[in-house]
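Structure, as structure tokens:
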Amino acid sequence: MKDTSARAPERWRIRDGVVPKGRYIDPEFLALEYERLFPRVWQMACRLEEIPNAGDFYEYEIGAESILVVNRGSGQLKAYFNSCPHRGTRLARGEGQLEEFTCPFHAWRFDLDGRCTYVHDVADFGPEFRLETVGLAECRVDTWGGWAFVHMDPEAESLADWLAPLPDALGPFALERMRFRWHKTAVMPANWKSVIDAFIEGYHTGGRHPQMIRAARMDHGPATVEELAGSPYTPSESVGRHSHFTYGARPASDDRPMPRAVDANDRKRVLLLTEYNASHLRALASESDVRAARRLQDVELPEGQTAFEVFARLRREEAEADGISWPTISAEQFVAGQGNWHLFPTMVLLVEPGGALGYRVRPNGKDPNSSVFEAWSMELCPDDAAPPCSHERFEHWQDHDDWGLLLPQDFENFPDVTAGMHSRAFRGLRLNPKQESGILNAHVAADEFVFGDGEKS
């Protein structure tokens, strides 16, 4: 990945590890992102389960652009710019099912392959007019992990190249077989990158989620200095344009067991985390996982096996008892894939065996201080027995009281982040070079497109 940050104008140039605040609050920078970033990157549009049948479509919007992803039959997808070639009218909105696209203005018709099949009073357009010259403009579309991704540039690199090496790391977790447990969207009072930033680093865990660093209880009270000193260490690693973090041991405390290793030998901690995720986060742990964690409290551990290793076996047993086809994940594959992934630029994915928690964040119109935030929980389900799930949408996150206990802790932070960025005393983000490097990596990746040619070196 080429570092083209030096090409940025002075007010947006990253220097000495400081990311200028204008990249978050300047309308002009947002306009550049719309013009130069989003048209040149792969973006997740929808889950394939949202368009399972021929004629099903889903509208993906980013800024002024609207893209229709449609199932044309036999699982084959097409993606079109949502603009009638006659007068520009949008052809469909939201999601639904149709046999053909019909312009609501002048009734021009297009089949699912984008070909124009009917123009009213076609002879009036003259003898040179041909239907085959006025088909719908296509976007690239491809799939991975059960998602449809779109790209506006027909000459772009393949989705496989864009995502590499994430598909190899996450393949064993069978993301394509997971189904929605819940799916919610709300407007957040912060720049889209501020929201993304909150979910691609673990440095804030002790400050915003103190209950997650307490081994004996899930107490939400503020963390003490002593607790913060013993909280998990979350170094980020860059994976091309993407990034990844998980939990590890602090460099200055190499003689102390890693937090994950402590968890692996603490049955009570396994139970508390599993119950918390299942009931309060409602993600990354299912009811069958809770049953497995409760069984773990009483079983005899075989010699040489940790409680966490036995828990992995019990999770499989409980899931299979519920009719779920559980994936085979080796210890090495678990270490490589588990954790928090940033799929540049707009998607975040937290992955565990049997489930995933995901986010997508996009700008909200021309206001750099507002964004559209989506969160969803997915899990493996009994074959052909996925529970029904409706996509809930809210104008403001406070309009909904069922986010669980963890996510609102982040949401409540965003107004203060936005307000503080507008202070004349604030220059920009001073990032922790170990635990917040994923944020810096995302800015460097964005500069490839905003101020460079977007090509990998």
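Nothing fancy with the numbering, it's 1 onward along the sequence. All values below come from the heavy atoms of this structure, side chains included, with hydrogens, waters and symmetry mates left out. For clarity, every value in this text was computed on a predicted model and none was experimentally measured.
- Listed for the R315 side chain is a donor-acceptor partner under 3.5 Å among the backbone atoms of P353.
- Put simply, the side chain of Q297 gets close to the backbone of R267: a donor and an acceptor are under 3.5 Å apart.
- Below 30°, between 30° and 60°, or above 60°: for W42 and H151 the angle between ring planes is above 60°, a perpendicular geometry.
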Let me check something: any side-chain donor-acceptor pairs from residues 165-175 under 3.5 Å, sequence neighbours excluded? List them with distances.
none

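- The side-chain contact (heavy atoms from CB on, under 4.5 Å) check on F57 picks up L68, V70, A92, L98, with sequence neighbours excluded.
- With ring centers used as reference points, H106 lies under 6.0 Å from H86.
- A distance of 9.5 Å separates CE of M378 from CD of E176, quoted to the nearest 0.5 Å.
- Using a cutoff of 4.0 Å between basic side-chain nitrogens and carboxylate oxygens, R316 and E320 are scored as salt-bridged.
- Contact between G365 and L30 at its shortest, heavy atoms only, is O-CD2, 3.7 Å.
- Salt-bridge formation is detected for the pair E317/R313: a Lys NZ or Arg NE/NH1/NH2 atom is positioned less than 4.0 Å from an Asp or Glu carboxylate oxygen.
- By the side-chain hydrogen bond (donor to acceptor under 3.5 Å, both in side chains) test, T143 pairs with no residue at all, sequence neighbours left out.
- Remark: Q97 pairs with D56 by the side-chain contact (heavy atoms from CB on, under 4.5 Å) rule, at least two apart or across chains.
- Taken to the nearest 0.5 Å, the NZ atom of K21 stands 15.0 Å off from the CZ atom of F29.
- The side chain to side chain contact (heavy atoms under 4.5 Å, CB included) test with S243 is passed by exactly one of H342, E436, E237: H342.
- Of the possible polar contacts, none joining the R282 side chain to the S377 backbone as a donor-acceptor pair under 3.5 Å is found.
- R40 has no carboxylate O lying under 4.0 Å from a charged side-chain N of E448, or vice versa, which leaves the two without a salt bridge.
- Taking the six-membered ring for Trp and the full ring otherwise, Y118 and W108 have centroids separated by 6.0 Å or more.
- A distance-only check finds no donor-acceptor pair linking the side chain of D447 to the backbone of F451 [under 3.5 Å].
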### Task
Determine, step by step, whether R47 and E95 satisfy the salt bridge (charged side-chain N to carboxylate O under 4.0 Å, His left out) criterion, reporting the C-alpha distance in whole Å, the side-chain angles of both residues, the deciding distance to 0.1 Å, and the verdict.
CA-CA 12 Å; R47 285 291 288 179; E95 53 195 284; over 6 Å; no
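- Atom OH in Y359 sits 12.5 Å away from atom CD1 in I200 (nearest 0.5 Å).
- One finds no salt bridge joining D111 and K78 here, because no Lys/Arg side-chain nitrogen approaches an Asp/Glu carboxylate oxygen to under 4.0 Å.
- With values rounded to the nearest 0.5 angstrom, Y60 atom OH is found 11.0 Å from C139 atom SG.
- The backbone N or O of H396 sits less than 3.5 Å from a side-chain atom of D399, completing a donor-acceptor pair.
- In this structure, the separation between CE on M44 and CH2 on W144 is 10.5 Å, given to the nearest 0.5 Å.
- With F373 as the partner, the ring pair (Phe, Tyr, Trp, His ring centres under 6.0 Å) test is satisfied by one option alone out of W192, F394, W397, F411: F411.
- Screening residues 100-110 for salt bridge (charged side-chain N to carboxylate O under 4.0 Å, His left out), with sequence neighbours left out, gives E100-R109.
- Counting only N and O atoms by type, the side chains of Q435 and Y233 include no donor and acceptor under 3.5 Å apart.
- A donor-acceptor pair is defined here as one N or O able to donate and one able to accept, closer than 3.5 Å; no such pair exists between the side chain of S194 and the backbone of A190.
- Using a distance-only test at 3.5 Å, with no hydrogens or angles considered, a donor-acceptor pair links the side chain of Y80 to the main chain of G114.
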### Task
For the pair R90 and E65, evaluate salt bridge (charged side-chain N to carboxylate O under 4.0 Å, His left out) and give the outcome as yes or no after the intermediate values.
CA-CA 10 Å; R90 289 192 172 179; E65 292 292 355; over 6 Å; no
### Query
Passes side-chain hydrogen bond (donor to acceptor under 3.5 Å, both in side chains), T185 versus H391? Steps please.
CA-CA 8 Å; T185 296; H391 186 167; 2.7 Å; yes
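- Between E374 and R362 there is a salt bridge, with a side-chain nitrogen of the basic residue lying less than 4.0 Å from a carboxylate oxygen of the acidic one.
- Across all their heavy atoms, V372 and P363 have their closest contact at CG2-O, 4.3 Å.
- D142 places no side-chain N or O within 3.5 Å of a backbone atom of F149 that could act as its donor or acceptor partner.
- Without hydrogens or angle criteria, N369 side chain to N191 main chain gives no donor-acceptor distance under 3.5 Å.
- With sequence neighbours excluded, the residues satisfying side-chain contact (heavy atoms from CB on, under 4.5 Å) with H209 are H204, T205, Q211, M212, L406, Q409, D410.
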### Stepwise side-chain hydrogen bond (donor to acceptor under 3.5 Å, both in side chains) test for T246 and Q338
CA-CA 7 Å; T246 186; Q338 178 269 346; 3.1 Å; yes
### Message
salt bridge (charged side-chain N to carboxylate O under 4.0 Å, His left out) for R72 and D113? Distances and angles first, verdict last.
### Response
CA-CA 7 Å; R72 59 179 295 276; D113 285 319; 2.4 Å; yes
#### Entry: Criterion salt bridge (charged side-chain N to carboxylate O under 4.0 Å, His left out) on D266 and K268, from CA distance to verdict
CA-CA 6 Å; D266 187 338; K268 181 67 177 231; over 6 Å; no
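- Distance check: N340 CG to E201 CD gives 9.0 Å after rounding to the nearest 0.5 Å.
- Side-chain atoms of D289 come within 3.5 Å of backbone N or O of S286 as a donor-acceptor pair.
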